[in-house]
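Accompanying notes for the structure given below.
Only this structure's heavy atoms are used, side chains among them; waters, hydrogens and symmetry mates stay out. Note on naming: letters A, B, ... go to the chains in the order of the sequence lines (proteins, then strands), and numbering restarts at 1 for each one.
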2 protein chains.
Amino acid sequence: MVEYYSQQTPFLLALDVIIFGFDEEGLKLLLIKRGFKPCKGQWSLMGGFLKEDEDMEQAADRVLHQLTGLSDLYLEQLRLYSKPDRDSDGRVISMAYYALMKTDHQDSKQLEKHNAQWFKIDEIPELVFDHREMVNHALARLRRRCKTQPIGFELLPDKFTIPQLQKLYEAILGIELDKRNFRKKILSMDLLQKLEEKDKSGSRKGAFLYQFDKEKYDRLIGEGFSFAV
Amino acid sequence: MVEYYSQQTPFLLALDVIIFGFDEEGLKLLLIKRGFKPCKGQWSLMGGFLKEDEDMEQAADRVLHQLTGLSDLYLEQLRLYSKPDRDSDGRVISMAYYALMKTDHQDSKQLEKHNAQWFKIDEIPELVFDHREMVNHALARLRRRCKTQPIGFELLPDKFTIPQLQKLYEAILGIELDKRNFRKKILSMDLLQKLEEKDKSGSRKGAFLYQFDKEKYDRLIGEGFSFAV
DNA sequence: GCAAAAGTGTTGAACTTACACCCATGT
DNA sequence: ACATGGGTGTAAGTTCAACACTTTTGC
């Protein structure tokens with residue numbers, strides 16, 4: 001290490017992850033009741049510290065796996081929270097991430113271990129430090145992002161119906177959409193594979209199930225296509 | 001500090017800033033020839049380390065001021081570069097920012113002090129560490145951002161002509177634009193104040209100068225307006 | 001008088017929005 | 001038979017893209 005480096009102050013580097021989920025009730029946030037100091041007993045985002053042998057993305061994956069037992073969730077960097085006094089108990093710099101999780105893949109046992117609980121997006125309890133600000137930022141990013149990237153599918157089961165997909169977008173954007181126009185737009189991109197099966201849980205008639213064709217999407221992207229809802 | 005914290009490894013936290021400029025020749029990047037180790041003598045982005053009493057944005061402002069002598073430049077966080085081996089000389093985590101600078105405000109003396117030099121965007125020399133990756137990322141972000149935010153004006157003199165503005169967008173986006181459509185679109189937002197004066201440097205006829213009306217923009221944004229080029 | 005850049009409108013195509021009824025099924 | 005959510009098409013309005021000529025002025 002060069003001398004110039006050794007004169008610098010090192011910092012504790014953490015990450016916090018805003019985990020979104022979606023179910024019949026709408027858009028949800030996964031929070032943990034802290035079983036450790038500081039702020040033990042309060043609601044907070046899941047987080048962790050960066051370790052020597054990993055980069056920040058790996059740390060985020062690790063922390064996410066630790067909580068949920070799942071790997072390869074959609075994960076996106078938000079921004080660095082670095083105010084000197086943001087943590088009541090010492091100087092910690094935190095990189096915020098948000099993740100999208102299919103709630104039907106969840107392992108409830110695993111979640112209980114960390115006292116984790118889903119909260120409706122408009123019923124979020126008071127959070128420690130600047131976590132509420134992080135959540136607001138993540139939500140804003142999700143709202144922007146979901147219009148131009150096919151990330152909504154990360155929140156739905158692998159097989160889903162068009163009405164379900166529409167409800168998801170309505171929950172994220174907080175607005176109502178016209179079902180004819182929504183169908184037209186989403187199907188016109190020709191990225192959804194219609195299956196034979198129907199999902200009968202939502203109605204007597206039942207709605208056809210679809211699958212997102214990721215390979216086709218990747219191919220089209222290479223050709224200059226852009227996703228839009 | 002709680003015990004849990006003191007068990008963690010601290011890291012050196014730096015920042016690097018991709019500084020864009022624009023002049024008659026097109027879009028430019030401001031680089032420094034490193035007068036210090038590691039990689040002394042090689043071209044690199046301007047950077048610095050986070051200090052104890054500041055947050056990362058303040059650090060970025062400070063570093064930017066140190067190089068250019070200017071304050072309050074447009075500055076946006078990009079992403080964290082945290083690979084364990086990214087710096088050849090020790091573990092340094094770096095937050096990348098990009099900044100937009102009006103080249104007509106530059107202080108050449110100041111820039112010379114740091115051996116700083118402007119490079120055309122398609123003539124960037126080899127850079128140290130992962131700085132080239134940072135530049136690519138910044139450029140991609142700038143291209144996306146300039147279509148939906150009025151950040152182009154941060155690269156032009158306070159008074160500018162429509163053809164100048166168009167050339168700026170063409171330089172950023174790397175495509176040609178139709179001047180009638182461009183004018184129509186940009187003027188239809190009604191955010192540019194036409195001045196009496198003409199700039200005669202670009203042609204015999206001369207082109208009218210305009211000013212961006214930031215107050216009006218802020219007002220409109222509050223009313224749900226969105227900027228688009 | 002000519003070269004060089006500034007400035008100006010129209011038309012067709014594509015896309016967006018608004019809107020109302022029939023269908024299939026379980027009870 | 002009826003209640004519930006699933007599924008479908010069209011017309012008007014808006015936005016976008018393509019395109020060519022006139023103006024001003026310094027030389």
Under 4.0 Å between a side-chain N/O of A:R204 and OP1 or OP2 of D:dG6, yes or no? no
Output the rounded distance in Å from CD (A:Q166) to P (D:dG7). 11 Å
Give A:K200 one of three labels, base, sugar-phosphate or nothing, depending on what nucleic acid heavy atoms sit under 4.0 Å from its own. sugar-phosphate
Calculate the interatomic distance between B:E176 atom CD and D:dA18 atom P; express it in whole Å. 13 Å
Whichever of B:K179 and A:Y210 has its nearest DNA chain D nucleotide further upstream toward 5': A:Y210
Most 5' of A:L187 and A:G202 on DNA chain D, judged by nearest nucleotide: A:G202
Presence of donor-acceptor pair under 3.5 Å, side chain of A:K205 and base of D:dG7: no
Pick the closest DNA chain C nucleotide for B:P163 and for B:N181 by heavy atoms, then say which residue is nearer the 5' end. B:P163
Taking for each residue the nucleotide of DNA chain C bearing the nearest heavy atom, is the 5' side occupied by A:K198 or by B:D178? B:D178
Rounded to whole Å, please give me the gap between CZ in B:F160 and C1' in C:dA6. 16 Å
Round to the nearest Å and state the distance from A:I162 atom CD1 to D:dG5 atom P. 18 Å
Using a strict 4.0 Å threshold on nitrogen-to-oxygen distance, state whether A:D199 and A:K159 make a salt bridge. no
Test item: side-chain donor near acceptor, A:E57 and A:Y97, under 3.5 Å: yes
Rounded to whole Å, the NZ-P distance (B:K184 to D:dA18) equals 12 Å
Phosphate oxygens OP1/OP2 of C:dG9: is one of them under 4.0 Å from a side-chain N or O of B:R180? no
Please state how far atom NZ in B:K194 lies from atom P in C:dA6, giving the value in whole angstrom units. 13 Å
Do B:F160 and B:F153 have ring centres separated by under 6.0 Å? yes
Using whole Å, report how far CE of A:M189 lies from P of C:dC15. 13 Å
Nearest-Å distance, CG (A:L209) to C1' (D:dG6)? 13 Å
Heavy atoms from other residues, nucleotides or ligands near CG of B:D72 exceed 12 (cutoff 6.0 Å): no
Looking at A:K198, I'd like to know if its NZ atom is crowded, meaning that more than 12 non-hydrogen atoms belonging to other residues, nucleotides or ligands lie closer than 6.0 Å. yes
